[in-house]
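For reference, the structure is listed below as structure tokens.
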There are 2 protein chains.
Amino acid sequence: MRLLLVEDTADLAEAVAIRLGRSGIACDTAGSVAEAQAHLAVQAYDVILLDIDLPDGTGTGLLRKLRAGGLRTPVLMLTALFSVDDRVTALNLGADDYLVKPFDQRELEARIRALYRREQSQKGEEIRLGVLALDPAAQTVTLDGAALQMTRREMTLLELLMRNPGRVMSKERLFEGLYSFDDADVGLNAVELYIARLRKKLSGSGVRIETQRGLGYRLDADG
Amino acid sequence: MRLLLVEDTADLAEAVAIRLGRSGIACDTAGSVAEAQAHLAVQAYDVILLDIDLPDGTGTGLLRKLRAGGLRTPVLMLTALFSVDDRVTALNLGADDYLVKPFDQRELEARIRALYRREQSQKGEEIRLGVLALDPAAQTVTLDGAALQMTRREMTLLELLMRNPGRVMSKERLFEGLYSFDDADVGLNAVELYIARLRKKLSGSGVRIETQRGLGYRLDADG
DNA sequence: CAGCCTGTGACAGGTTAATGACAGGTTCAA
DNA sequence: TTGAACCTGTCATTAACCTGTCACAGGCTG
């Protein structure tokens, strides 16, 4: 899951990001409306955490703009003071949930997962390609019924590829799906590495990852 | 199993929660419709116990809303006075069962387990995996006929795993089934601990718990 | 043929999980 | 009420292994 945290209190933002990161949620942070928009222009997110008080505007203002622009990503509002009016406004503008500071980290995480679950539950279950099947809910990959052992990163990469079979995925695109901005120091070579590891595990599966030199990779079924 | 108890009589709620907790059912309580909705927005439950008389509305009203919203979780209605009309209304609204106060705690628990079992669509009482069998009603585990001694938490964890054999269950997911909000201070490490204890008891049983580093745990039968 | 892109083995570092020891709490019986 | 047995969860230590970098080989492109 990839999440954008818009919050100008650096301490709080960092604490939340670390905590969520530990739970396997890739978390990018923005300290202002402008920064948030910059991130949103470049990166797709599964959930957005939005503080109301921001140095260069309000979270509600940003939310209105985003919804007006057709963005449907679930938004969870955060704020120190939440009057009934604020709350009604926020929900009317298209916020999906809200949380009053100070909040319990565990509750925050639970709500994030609830939003994510709701979003994901609309998506289908198993992804198949030939005899290869990936079940995102069960986090399992089977090859003709036999289980394949995958690590977290391998699973994420394979899911990305299987959701776009036959289509060329650029190395940068795959990288974005695998890493958050905090992992900015990770080299693009890491993608190549995981492609290699996946190929090894998929060898003889009737599914192969083709290299499109200079363009990216494409997942194909034999035949 | 994770359960939501919606009941405004604090004494009763606490008594039931403690009793159920002792049986390995993680029980959150809500004293009002609003509180119940807050919990439901955040946490998935296996069963809901719903009192009819609540300070800010009625249980039937809440039930109607929940069903209208597409929630299919089994609901057991509780009430002091249950006229035939109430009963018919409740069942028509999508309640799965009802119980008239004062009720026997054992009967309550039996009905909860019945609803849960039905939800899990387990035909027989028993869940089997290889030579390992778990009887949720009797709360017993047998290995090739020989009884295995399990503690409350071990039993709950094993049941969670046995109901999802071959699926990777994240540590967080297991934690949710094992602990209620009241146990918020318990560390995730506790799950690891019980996995270790289960493994010890299951050694040589032909059933093993595989670790998927970074993803969770998976119960598998040898072979 | 030169230059760049990609593949891959090996390795170091860091994170995650396993586990033994321990303390507090609960249960149960006397 | 006391004590014993046992269940629970924390902590700290150790082990496992996932991750990503590096380096170099090989191949594609122009």
Side-chain angles (χ1 to χ4, degrees), chain A residues 17-26 106 139 141 148-158 168-172 174-203 208-218, chain B residues 17-26 139 141 148-158 161 168-175 177-180 182-203 208-219:
Chain A
I18 289 176
R19 166 82 195 239
L20 294 179
R22 205 167 285 158
S23 301
I25 300 174
R106 189 179 289 274
Q139 292 281 296
V141 177
L148 272 188
Q149 203 80 309
M150 292 283 163
T151 72
R152 187 161 54 100
R153 291 256 129 103
E154 288 165 358
M155 183 80 71
T156 308
L157 179 57
L158 183 58
V168 177
M169 304 283 285
S170 76
K171 210 183 294 179
E172 288 76 15
L174 295 173
F175 184 89
E176 280 181 4
L178 281 171
Y179 302 97
S180 75
F181 286 139
D182 295 340
D183 301 318
D185 49 340
V186 174
L188 269 183
N189 176 247
V191 175
E192 292 166 18
L193 178 63
Y194 278 101
I195 290 286
R197 287 178 176 158
L198 272 186
R199 276 180 178 146
K200 198 173 289 180
K201 293 199 175 178
L202 295 179
S203 68
R208 63 194 188 295
I209 303 173
E210 304 263 325
T211 302
Q212 298 290 102
R213 193 159 260 267
L215 294 174
Y217 299 91
R218 182 161 46 85
Chain B
I18 289 176
R19 167 80 197 236
L20 293 179
R22 210 168 279 160
S23 301
I25 299 173
Q139 290 283 293
V141 178
L148 268 188
Q149 207 69 275
M150 291 281 163
T151 72
R152 172 170 58 108
R153 294 250 121 109
E154 288 164 358
M155 181 78 68
T156 307
L157 180 56
L158 183 59
L161 291 170
V168 176
M169 304 285 284
S170 76
K171 212 182 295 179
E172 289 77 13
R173 178 82 208 324
L174 295 173
F175 185 92
L178 232 29
Y179 301 96
S180 68
D182 296 339
D183 303 317
D185 49 341
V186 175
L188 270 183
N189 177 247
V191 175
E192 293 166 19
L193 179 63
Y194 279 100
I195 290 286
R197 287 177 176 157
L198 271 185
R199 276 181 178 144
K200 202 170 286 180
K201 294 199 175 177
L202 294 179
S203 68
R208 63 192 188 294
I209 303 172
E210 303 264 325
T211 302
Q212 295 286 103
R213 198 162 264 262
L215 293 174
Y217 298 92
R218 183 161 43 83
L219 190 69

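Order of the sequence lines sets the chain letters (A, B, ...), proteins ahead of strands, with each chain counted from 1. Values reported hereafter were calculated over all heavy atoms of this structure, with side chains retained and with hydrogens, waters and symmetry mates removed.
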field: Rounded distance in Å - CD (Q212(B)) to C1' (dA18(C))
entry: 16 Å

- line: Of dC7(D), dG9(D), dT27(C), the nucleotide closest to the side chain of Y179(B) is dG9(D)

statement: Rounded to whole Å, the CD-C1' distance (Q149(B) to dA5(D)) equals 13 Å

task: Enter the distance from E176(A):CD to M169(A):CE here, rounded to the nearest 0.5 Å.
output: 10.0 Å

statement: Between R152(B) and T151(A), whichever has its closest DNA chain D nucleotide further toward 5' is R152(B)

query: Which pairs pass salt bridge (charged side-chain N to carboxylate O under 4.0 Å, His left out) with one or both residues in residues 191-202 of chain B, sequence neighbours excluded?
result: E154(B)-K201(B), K171(B)-E192(B)

query: Would one find a side-chain N or O of R153(B) under 4.0 angstrom from OP1 or OP2 of dC7(D)?
result: no

task: Evaluate the side-chain proximity of V186(B) to F175(B): yes if any heavy-atom separation is below 4.5 Å, no if none is.
output: yes

query: Counting only heavy atoms not in R218(A), do more than 12 sit closer than 6.0 Å to its CZ atom?
result: yes

- prompt: Do any side-chain nitrogens or oxygens of K200(B) fall under 4.0 Å of OP1 or OP2 in dA18(C)?
  reply: no

message: Below the 4.0 Å mark, does dA16(D) have OP1 or OP2 next to a side-chain nitrogen or oxygen of T211(B)?
response: no

statement: Rounded to whole Å, CZ of R199(B) lies from C1' of dT19(C) at a distance of 11 Å

- prompt: Can you give one letter per nucleotide of nucleotides 21-30 of chain D, going 5' to 3': B for a protein heavy atom under 4.0 Å from the base, S for sugar-phosphate only, - for none?
  reply: BB----BSS-

message: Using the side chain to side chain contact (heavy atoms under 4.5 Å, CB included) definition, which of the options V141(B), L198(B), L148(B) pairs with M155(B)?
response: V141(B)

task: Please determine if a side-chain N or O atom of K171(B) lies less than 4.0 Å away from the OP1 or OP2 oxygen of dT16(C).
output: no

message: Which is more 5' along DNA chain C, the nucleotide nearest R22(B) or the one nearest G214(B)? Just name the residue.
response: G214(B)

task: Whole angstrom is fine here: how far is it from CD in E210(B) over to P in dA18(C)?
output: 11 Å

- request: Round to the nearest Å and state the distance from I195(A) atom CD1 to dG7(C) atom C1'.
  value: 11 Å

Side-chain N,O (Y194(B)) to OP1/OP2 (dT10(D)) below 4.0 Å: no

- request: Work out how much the helix from dC1(C)-dG30(D) to dA30(C)-dT1(D) bends between its end axes, five pairs an end, to the nearest 10 degrees.
  value: 40°

